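Below is one structure; the comments refer to it alone.
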Amino acid sequence: MSERAPAIVIIGSGFAGLGMAIRLKQSGFDDFVILEKSDALGGTWHDNTYPGCACDVPSHMYSFSFELNPGWTRMFAPQPEIRAYMERTADKYRVRDHIRFRSTVDRMEYQDDARRWNVTLGDGTVLTPKAVVSGIGALHIPSFPDLPGIERFQGTAFHSAEWDHSYDLAGKRVAVIGTGASAIQFVPQVAKKAGDLVLFQRTPPWIQPKPDFTFPKPVRTAFGKVPGVARAFRNGIYWALEARAVGFTIDPRLSLPQEVLARRHLEKQIPDPELRAKVTPDYTIGCKRVLLSNDYYPALTRPNVTVETSGIAEVRENSVVTQDGREYEVDCIVYGTGFKVVDALNELRVTGRNGVKLQEIWADGIEAHRGTTVPGMPNFFMLLGPNTGLGHNSVVFMIEVQIQQVLSCLRLLQESGADAIEPKPEASRRFNDRMQRRLRRAVWNEGGCNSWYLDDQGVNRTLWPGHTFEFWAGNRKAKPEEYLLTP
């Protein structure tokens, strides 16, 4: 069944979807709907509720530039506080009425004759907008390891993004698989409750001290009452974070101070040389995401915690067996194995001009023009698309730049009287070739590690290869000569 055609469909109500909706309203585009698969807004900050869940980017930077929050209680906000900020922002800018919850998008197909999209939902409803903005992000499809016998396990098992709060971990024998950003946060909390915890580590992360602290009430008052204070504080954080990109994107040797800081942190918190050797990375810092924590290393030194570095051979009904023959009896398995970042985009069921599927366009790897548009996909925009992720600063900054780009494309449509806009293939090719040349010299490709930043061909399809101000300067406004406008 079909419904009235909104002019624009936004998919997802995380930071990307909310930011797009707010800026559309402010720009006079009020005919849009936000499709949210969950029963509440917030995206990854609604889905992830594991113990210790918090942002690893300073709060004042991990928020919209047009909606500063003087009331952040900590330098690094916990998940409930970020979620509450998003709820308040949605209410303040009156976009909640545009959200359709429990609306899963099944597929999207461009109609060449009508020059509209058919957006088919899971319940069979078909919306026919002129434009689609995908704000699904990359951290919403949990990744599970391919382990022999995993389906045989008789105990409780869940992913960190699907935390089972009904299961009491107190006194239980817990296996944690993975040492990514989420595990760094929940392992210390689980270790306090579990009887025994075995951490199965494939690759140790680089970890630096987390400069977290509570903002005293007088400081929060100053942020809210004194003009310019909160903005100045945010700007200071921005440039401090931006300085880290020099070693990642220009020359890894420039990251030596970052590595020294991480090594001193490790030596200070883990005195046992054998355990310290287990959790010391053997790759260049920055090759994988640099993590921040003050309580992860101390948790590993607890008498009820074991760090296992031998690979997992199989999972049995009530145990996990390593490749060197050790068997650990466990009651529960918690997967801290992250998300299918590249697959989150590659699994989109999108058919563009002349019936060409997105997967066909991406046969040689996912890519987009300036991270946002794809040749052959008219009026289709992606926020947090290919190569817009960051390893050093806030993705909310990148989202806002892309939103400006989308609005610029929509204005081009209005001014020209055209029906459709898409990037020229040659313009997209030049942009991506130039970007990949930079990426090949960056630490993520040359640092000696295998990370989720890379696809199965070893090509970085995830991160932006430079400073965020470069992305802002080159991508916030659509260049008319790079686009095809269909009258």
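Computed from a predicted model, the values in this text were never measured in an experiment.
We find the CD1-CG distance between Ile237 and Asn393 to be 10.0 Å, quoted to the nearest 0.5 Å. To the nearest 0.5 Å, atoms CD1 (Ile285) and CG (Leu256) are separated by 9.5 Å. Taken to the nearest 0.5 Å, the CH2 atom of Trp206 stands 4.0 Å off from the CD atom of Glu259. Atom OG1 of Thr372 sits about 7.0 Å away from atom CG of Asn475, to the nearest 0.5 Å.
Using a 4.0 Å cut-off between a side-chain N of Lys or Arg and a carboxylate O of Asp or Glu, Lys130 and Asp419 qualify as a salt bridge. Salt-bridge check for Glu267 with Arg263: failed, with every basic side-chain N at 4.0 Å or more from each acidic carboxylate O.
Without hydrogens or angle criteria, Trp163 side chain to Asn48 main chain gives no donor-acceptor distance under 3.5 Å. Side-chain atoms of His467 do not come within 3.5 Å of backbone N or O of Phe469 as any donor-acceptor pair. Of the possible polar contacts, one joining the Gln402 side chain to the Gly371 backbone as a donor-acceptor pair under 3.5 Å is found. In terms of modelled atom types and a separation under 3.5 Å, the side chain of Gln208 and the main chain of Gln258 share a donor-acceptor contact. With hydrogens and angles ignored, the 3.5 Å screen pairs a side-chain donor or acceptor of Asp455 with a backbone N or O of Gln457. A donor-acceptor pair is defined here as one N or O able to donate and one able to accept, closer than 3.5 Å; no such pair exists between the side chain of Glu36 and the backbone of Gly43. Using a distance-only test at 3.5 Å, with no hydrogens or angles considered, a donor-acceptor pair links the side chain of Thr179 to the main chain of Thr203. At distances below 3.5 Å, at least one donor-acceptor pair connects side-chain atoms of Ser59 with backbone N or O atoms of Met75. In this structure, the side chain of Ser27 does not engage the main chain of Phe29 through any donor-acceptor pair within 3.5 Å. With Lys477 contributing its side chain and Ser408 its backbone, the two residues share no donor-acceptor pair below 3.5 Å.
For the pair Lys278 and Pro204, the tightest heavy-atom approach, listed with the atom from each and the gap, is O-CG, 4.0 Å. Across every non-hydrogen atom of Ala40 and Ser13, the tightest pair is O-OG, 4.2 Å. Taking every heavy atom of both residues into account, Pro6 and Val9 meet most closely at CG-CG2, 4.0 Å. Considering every non-hydrogen atom in both Leu275 and Leu300, the closest pair reads CD2-O, 3.6 Å. Shown here for Trp117 and Gly352, the closest heavy-atom pair between the two residues is CH2-CA, 4.3 Å.
A centroid separation of 6.0 Å or more is found between the aromatic rings of Trp464 and Phe248. Between Tyr85 and Trp45, the ring centre distance reaches or exceeds 6.0 Å. Aromatic rings of Tyr62 and Phe76 (six-membered ring for Trp) have centroids beyond the 6.0 Å cut-off, not under it.
For the pairing with Tyr335, the ring pair (Phe, Tyr, Trp, His ring centres under 6.0 Å) check across Tyr50, Phe158, Phe144 returns one residue only, Phe144. When each of Ile8, Val119, Val33 is tested with Pro129 by the rule side-chain contact (heavy atoms from CB on, under 4.5 Å), just one qualifies, namely Val119.
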> Hey, mind stepping through Ser293 and Asp295 against side chain to side chain donor-acceptor pair (under 3.5 Å) and telling me if it holds?
Replying inline: CA-CA 6 Å; Ser293 178; Asp295 55 3; 3.0 Å; yes

>> Determine whether Arg23 and Gln26 satisfy the following criterion, side chain to side chain donor-acceptor pair (under 3.5 Å), listing intermediate values before the conclusion.
In response: CA-CA 5 Å; Arg23 287 311 202 190; Gln26 292 177 332; 2.5 Å; yes

> Could you go step by step and tell me if Phe397 and Trp472 meet the ring-ring contact (aromatic ring centres under 6.0 Å, His included) rule?
Replying inline: CA-CA 9 Å; Phe397 179 95; Trp472 173 85; 7.9 Å; no

> Could you walk me through whether Glu67 and Thr89 pass the side chain to side chain donor-acceptor pair (under 3.5 Å) check?
Replying inline: CA-CA 8 Å; Glu67 184 59 28; Thr89 302; 4.9 Å; no

> Could you go step by step and tell me if Glu426 and Arg430 meet the salt bridge (charged side-chain N to carboxylate O under 4.0 Å, His left out) rule?
Replying inline: CA-CA 6 Å; Glu426 59 271 22; Arg430 284 194 302 270; 5.9 Å; no

>> What verdict does the side chain to side chain donor-acceptor pair (under 3.5 Å) test give for Glu242 and Thr468, after you've listed the backbone C-alpha separation in whole Å, the side-chain angles of each residue and the deciding distance to 0.1 Å?
In response: CA-CA 7 Å; Glu242 207 60 23; Thr468 61; 3.0 Å; yes

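Sorted by first and then second residue, the pairs that involve residues 350-364 and meet salt bridge (Lys or Arg N to Asp or Glu O under 4.0 Å), not counting sequence neighbours, are Arg353-Glu422.
Leu407 has its side chain within reach of Met20: a pair of non-hydrogen atoms, C-beta onward, lies under 4.5 Å apart. Between Asp30 and His98, the closest side-chain pair of non-hydrogen atoms falls below 4.5 Å. Side-chain contact between Pro378 and Thr486 is absent, with no heavy-atom pair separated by less than 4.5 Å. Contact check for Arg234 versus Ser65: side-chain heavy atoms found under the 4.5 Å cut-off. Side-chain atoms of Met382 and Val374, non-hydrogen and from C-beta on, do get closer than 4.5 Å to each other. No side-chain heavy atom of Ile207 sits under 4.5 Å from any side-chain heavy atom of Val279.
Partners of Ser38 by side chain to side chain donor-acceptor pair (under 3.5 Å), not counting sequence neighbours, listed by chain and number: His46. Not counting sequence neighbours, the partners of His369 by the side chain to side chain donor-acceptor pair (under 3.5 Å) test are Glu482.
A cation-pi contact, defined as under 6.0 Å to the ring centre and within 45° of the axis, is absent between Lys25 and Tyr93.
Ring geometry for His265 versus Tyr297: interplanar angle of 30 to 60°, hence tilted.
The environment of Arg429 atom CZ is dense: over 12 non-hydrogen atoms of other residues, nucleotides or ligands sit within 6.0 angstrom.
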